[in-house]
Amino acid sequence: MPISIIIGAQWGDEGKGRVVDWLASSADIVARYAGGDNAGHTIALDGEVYKLHLLPSGVLHDQVVSVMGNGMVINPVNLVREIKALRNMGIAISPRNLIISSRAHIITPAHIALDSAKESALGAAKIGTTLRGIGPAYLDKSGRAGIRTGDMLLDVEVFAERLIRAIEAANAVLRQQGGEALDARAAAMSYLEAAEFLRGFIQDASIYLHKALNNGARVVCEGAQGTLLDIDHGSYPFVTSSSPTAGGALTGLGVGPLTVDRVLGVAKAFSTRVGGGPMPTELAGEVANRLRGSGDNFWDEFGTTTGRPRRCGWLDGVMLRYATMINGFSELMLTKLDILSGFDELKLATAYEIDGVRSEHPPVTNAQLERATAIYETLPGWTEDISSCRTFAALPAAARQYIQRIAALCEAPINMVSVGPERDQLVRR
Ligand code: GDP
Ligand code: IMO
Ligand code: MG
């Protein structure tokens, strides 16, 4: 079967972009299925660092067609900016190699204003969103009030009128919340140029995919965010508003489950989270600072989209096992193993203690998760620099032991590990 789905197994930023970029070398199509420019996917290639927010991570490969699926929410102005920035870096992007689903939803300026207003109103209880308008855009989608990318194919005036009406409707809410209303006409006008630019890229992406699959195309489906940010399976309400999990790939592209033969979970070798919400293995102090890095390197743990320092901690095996179950990972892959070099010992959470009771699964409620303390297993560390290892045999015994323990805990094979941010810094079985 021709479809591989690549999914973040934690709270996002697992290194999905670099993995998808690598898998794209043997793919015909890379298709993103969820989220919007809340995502930040970093690819390091030949001394250049590419940060993608909307475009699929196969875009650096000449032979790959990139598809933006119906499950996405797209800010057209930011998409045009991203396309132009990549073109300036010498990457060819045209309707020949980029297809935008006509059924994706548009993020309007009103959605962005509403996202901010809602976060301000929540005060200390805020979710810590990326303020890209994601939640309000998905709310309009499920409330059947959204504007879709296909609407950019309409007569300009009709499209502008729709935008103005949507922004005016949001203004009423913004005023209620004490926020500032937008100039609906000016805000809508800023979108018309982007709509004109994007017209040629828009088509029914599901039909495109089906034809390609019938012709034998190999498709990589790229998840954004991560399993623990899933609207259903994450620590609600500290989640995003889409389905980054395996099911989301099917609805977010319009393909059937029998076309899928590989579900690859990407997990960082430790835990990070950005934004609010429970994180049982979160650390403060020296270990956290070492995991995060100083910020001097592009791979250090500072948000690709917002620049916020990421919360860091030991690997949460309870959550990783849960993610493996939710998605049915056929395999797991670990990224950033190189960052663990030099620790005397490593800790791996294998259970939680909640109100004096041991549990090997995430608890039923978020309040319980807030009270969970991690129960750790301690494993030996290693001192060697592993960034030039390319085979499992070349890794230090302690690194192999760490990998094997995670695979056993999650009952999923680990056949790939990354040991640096560059495309070829991969250890494969
Ligand atoms: P994504 O959102 O899942 O694509 O991940 P991000 O790009 O937001 O964050 C992952 C960060 O880790 C990026 O800066 C990558 O360049 C970096 N990275 C990925 N894999 C590795 C690795 O194996 N080692 C190191 N040192 N950095 C990595
Ligand atoms: P990638 O694809 C990490 C987090 C935000 C916030 C919550 C809701 O790079 O892994 P939203 O703006 O989606 O309404 O924010 O989700 N979040 C991410 N965290 N990586 C991401 O994407 C994220 N996208 C959203 O920080 O906690
Ligand atoms: Mg990211």
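All figures in this text were calculated on a predicted structure; none of them were measured in a lab. For ligands, and for the atoms within them, numbers begin at 1 and follow the listed sequence. All heavy atoms count here, side chains included; hydrogens, waters and symmetry mates do not.
- Counted within 6.0 Å of CD on Glu180, heavy atoms from surrounding residues, nucleotides or ligands total 12 or fewer; the atom is thus considered open.
- Residue contacts with ligand 2 for Leu229 involve side-chain atoms from C-beta outward but no N, CA, C or O (heavy atoms, distance under 4.0 Å).
- A salt bridge is absent between Asp13 and Lys268; no separation between the charged side-chain nitrogens and carboxylate oxygens falls under 4.0 Å.
- The N/O atoms of Thr335, backbone and side chain alike, include none that comes under 3.5 Å of an N/O atom in ligand 1.
- Residue Lys16 has at least one heavy-atom neighbour below 4.0 Å for each of these atoms of ligand 2: 1 (P), 2 (O), 10 (O).
- Close contacts between ligand 1 and Arg310 involve ligand atoms 8 (O), 9 (O) [criterion: under 4.0 Å to a heavy atom].
- For ligand 1, the polar-atom distance check against Gly420 finds a nitrogen or oxygen pair separated by under 3.5 Å.
- Using a 4.0 Å cut-off between heavy atoms, Val49 makes no contact with ligand 1 at all.
- The closest protein non-hydrogen atom to atom 23 (O) of ligand 1 is Ser418 OG, 2.5 Å.
- More than 12 heavy atoms of other residues, nucleotides or ligands lie within 6.0 Å of CZ in Arg371, so this atom counts as buried by the packing criterion.
- Short contacts between ligand 1 and Glu14, defined as distances under 4.0 Å to a heavy atom of the residue, involve ligand atoms 3 (O), 5 (O).
- The environment of NZ in Lys118 is sparse: at most 12 heavy-atom neighbours from other residues, nucleotides or ligands sit within 6.0 Å.
- Heavy atoms only, all atoms of each residue included: Leu229 and Arg273 are closest at CD2-NH2, 4.1 Å.
- Those atoms of ligand 2 that come under 4.0 Å of a heavy atom in Val274, given as number and element, are 3 (C), 5 (C), 19 (N), 26 (O), 27 (O).
- Only backbone heavy atoms of Trp11 (N, CA, C or O) come within less than 4.0 Å of ligand 2; its side chain stays farther off.
- The heavy atom nearest to atom 21 (C) of ligand 1, considering only Lys16, Lys336, Met333, is found in Lys336.
- The shortest N/O to N/O separation between Leu337 and ligand 1 does not fall below 3.5 Å.
- Residue Gly128 holds the heavy atom nearest to atom 5 (C) of ligand 2 of all those in Gly275, Ser242, Gly128.
- Counting the atoms of ligand 1 from 1 in the order shown, those under 4.0 Å from a heavy atom of His41 are 1 (P), 2 (O), 4 (O), 7 (O).
- Nearest residue to atom 15 (C) of ligand 1 from Thr42, Ile6, Leu334, Thr272 is Thr42 (criterion: closest heavy atom).
- Residue contacts with ligand 2 for Arg273 are absent, since no atom lies close enough (heavy atoms, distance under 4.0 Å).
- Of all the heavy atoms of Arg132, none lies under 4.0 Å from any atom of ligand 2, so neither backbone nor side chain is involved.
- More than 12 heavy-atom neighbours from other residues, nucleotides or ligands sit within 6.0 angstrom of CG on Asn297.
- Annotation: Phe298 places an N or O atom under 3.5 Å from an N or O atom of ligand 1; distance criterion only.
- At least one N/O/S atom of Gly40, from backbone or side chain, sits under 2.8 Å from the Mg ion (ligand 3).
- Asp230 and Thr245 share a side-chain donor-acceptor pair at under 3.5 Å.
- Counted within 6.0 Å of NZ on Lys126, heavy atoms from surrounding residues, nucleotides or ligands total 12 or fewer; the atom is thus considered open.
- Annotation for ligand 2: atoms under 4.0 Å from non-hydrogen atoms of Val239 are 7 (C), 8 (C).
- Scanning the protein for heavy atoms near atom 26 (N) of ligand 1, the closest one is Asp338 OD2, 2.8 Å.
- Ring orientation note: the planes of Trp382 and Tyr402 are tilted relative to one another, at an angle of 30° to 60°.
- Ligand 2 places these atoms under 4.0 Å from at least one heavy atom of Ala224: 2 (O).
- Within Asp13, the N, O or S atom at minimum distance from the Mg ion (ligand 3) carries the name OD1.
- Listed by atom number, the atoms of ligand 1 under 4.0 Å from Gly17 heavy atoms are 4 (O).
- Scanning the protein for heavy atoms near atom 2 (O) of ligand 1, the closest one is Gly40 O, 2.8 Å.
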